[in-house]
K.L.:
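Below is the structure I would like to discuss, written out as structure tokens.
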Protein chains: 2
Amino acid sequence: MAISRIASLRAGLRALAGRKNGVRVNEFNVPRLFLYHRALVEVSKQGVSVVTSESLAELCANDVTPTQIRKDLSQLGTLGRRGHGYQVAALLDLLARVLGLDQDWRIAIVGFGYLGHALTTFLSYREERFKIAALFDKAPDVIGQKWNDLTVRHIDELESTLRELGGVDIAVLAVPSKAAQEVAERVAAAGVDAILNFAPIALRVPEQVFARNIDLAGELSILTHYLTGSD
Amino acid sequence: MAISRIASLRAGLRALAGRKNGVRVNEFNVPRLFLYHRALVEVSKQGVSVVTSESLAELCANDVTPTQIRKDLSQLGTLGRRGHGYQVAALLDLLARVLGLDQDWRIAIVGFGYLGHALTTFLSYREERFKIAALFDKAPDVIGQKWNDLTVRHIDELESTLRELGGVDIAVLAVPSKAAQEVAERVAAAGVDAILNFAPIALRVPEQVFARNIDLAGELSILTHYLTGSD
DNA sequence: AAATGTGAAGAGGTTCACAGCG
DNA sequence: CGCTGTGAACCTCTTCACATTT
């Protein structure tokens, strides 16, 4: 079976439920909204201008039912036309706004090894809303490396660089796990409120900071658990 | 607030609920079990031999309550001693068995760009149970590259190489999104039942194949949604 | 006729409160 | 007394069925 679904948040996000342009959004399904957004970008390129909840479900390919889509979208307002479907353009705009994808975001990549490099390349190539604003590392042979117009700075210049830049929105941590906690605290102290952490540890961050982990070993372990079960 | 939780599966996994060494496991909380496992590995190194559900919750740092831990663990059997706590060693063994981390797994990395390289390095360095068994790419300048004892093969040799190796357990897809669907089908046809996909598309895979996505843009989008909400 | 929007029912995970046991 | 183990209450998300609207 195909289970390719964006990470969901569970308990943690419940506390976040809030208002969004006056509309109460169930924060729990943000990953699904993102799936819809991606699918719509795709069909939009192909010139499709109307989708139904059924065709959109088909586009998302996995485990999303038409009913679920209607329920999710209905939270955002009355968006469709009965007997007809949803306007792709309008829906795209709305989802982009709700997801925050209607504006640019500045990102600092901390740790410019293979992973940091890969993430940087991926983002700059594929996600135009995410602007790489600063690169940091600790290794002498990495510091000073150029990437497009950016130079990799020493991690000790984190605070001063961010100050110069007027801050960044998101910090991506691609550093060894021993360093991750300290780096997280430093970027948080420097005013960054969102962290995407690739180090396999449970970060402790200040209250206002939203940290999210991508845990490779954890993901693999879900697979091995599955493989073990189907002996 | 810290929300660093491993991706959970939701609907998809429900269908998987099954028996595991005669114990019915709620497949929904595998990511949590993995968190416990990791925390226990850590304290085990420090010589701690007993934990309580409370101390374990503290170690996991985020959004896990002692009650939740007891509930999760009680699914696996009667593991603790009332008035005392859990034996770290015994619990570690059990969790490893349940998660499939008590055995080696052979992994093929498809796509040996920066990301593939990073994943390969990470796994071989940090996760001894995951053995990199084969590397594939399509770019002429990457093919033939050496990594430890392995040589990067052309993707067209996927089937023959896997046959030679007697198969692998998991395929990690670090290829461009245009290529991902085709690669997924090929590795599935070659007998690989577990896929970890980094390409930002919804994979369609055969019934018996368990595919899991890690979606960088999706994760960032959760962050930007949060940042937008707290304007 | 067709597809949305939605109250109500259902399912499943989480929390509570306390019984049970060492 | 302390901490686990667990049925029951609770709560949230999902699914169903159909009224509603174009």
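Chain letters run A, B, ... following the sequence lines, proteins first, then strands; residues in each count from 1.
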K.L.:
List the residues meeting side-chain contact (heavy atoms from CB on, under 4.5 Å) with Arg129(A), not counting sequence neighbours, and say none if there are none.
P.N.:
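By the side-chain contact (heavy atoms from CB on, under 4.5 Å) rule, Arg129(A) matches Asp104(A).
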K.L.:
Is any side-chain N of the basic residue among Arg186(A) and Glu182(A) closer than 4.0 Å to the acidic one's carboxylate O?
P.N.:
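Yes.
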K.L.:
May I ask you to say what Leu73(A) touches in the nucleic acid, namely base, sugar-phosphate or nothing, with a heavy-atom cut-off under 4.0 Å?
P.N.:
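Contact class for Leu73(A): none.
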K.L.:
Quick check against the 3.5 Å criterion: does Thr224(B) have a side-chain atom that pairs as donor or acceptor with the backbone of Leu99(A)?
P.N.:
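Yes.
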K.L.:
Whole angstrom is fine here: how far is it from CG in Leu79(A) over to C1' in dA3(C)?
P.N.:
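My rounded result for the distance is 14 Å.
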K.L.:
Whole Å only: how far is the CD atom of Glu54(B) from the C1' atom of dC3(D)?
P.N.:
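Nearest whole value for this atom pair: 10 Å.
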K.L.:
If you go through the side-chain atoms of Arg82(B), does one of them form a donor-acceptor pair with the base of dG2(D) closer than 3.5 Å?
P.N.:
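Side chain to base: no pair present.
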K.L.:
The side chain of Gln68(B) is closest to which nucleotide in this list: dT15(D), dA17(C), dT15(C)?
P.N.:
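Within the option list, the nearest is dT15(C).
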K.L.:
On the side chain of Arg81(B), is there an atom forming a donor-acceptor pair with the base of dG22(C) - under 3.5 Å, no angle test?
P.N.:
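There is none.
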K.L.:
How many Å lie between CG on Leu56(B) and C1' on dC3(D), as a whole number?
P.N.:
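Result: 14 Å.
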K.L.:
Heavy-atom nearest nucleotide on DNA chain D for Gly83(A) versus Lys71(A): which residue maps closer to 5'?
P.N.:
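Taking each residue's closest nucleotide, the earlier one in sequence belongs to Lys71(A).
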K.L.:
Given atom CD1 of Ile69(B) and atom P of dC3(D), what is their separation to the nearest angstrom?
P.N.:
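Going from CD1 in Ile69(B) over to P in dC3(D) covers 14 Å.
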K.L.:
Any chance you could lay out the side chain to side chain contact (heavy atoms under 4.5 Å, CB included) test for Ile170(A) and Arg106(A), step after step, and finish with the verdict?
P.N.:
CA-CA 6 Å; Ile170(A) 300 172; Arg106(A) 308 203 317 158; over 6 Å; no
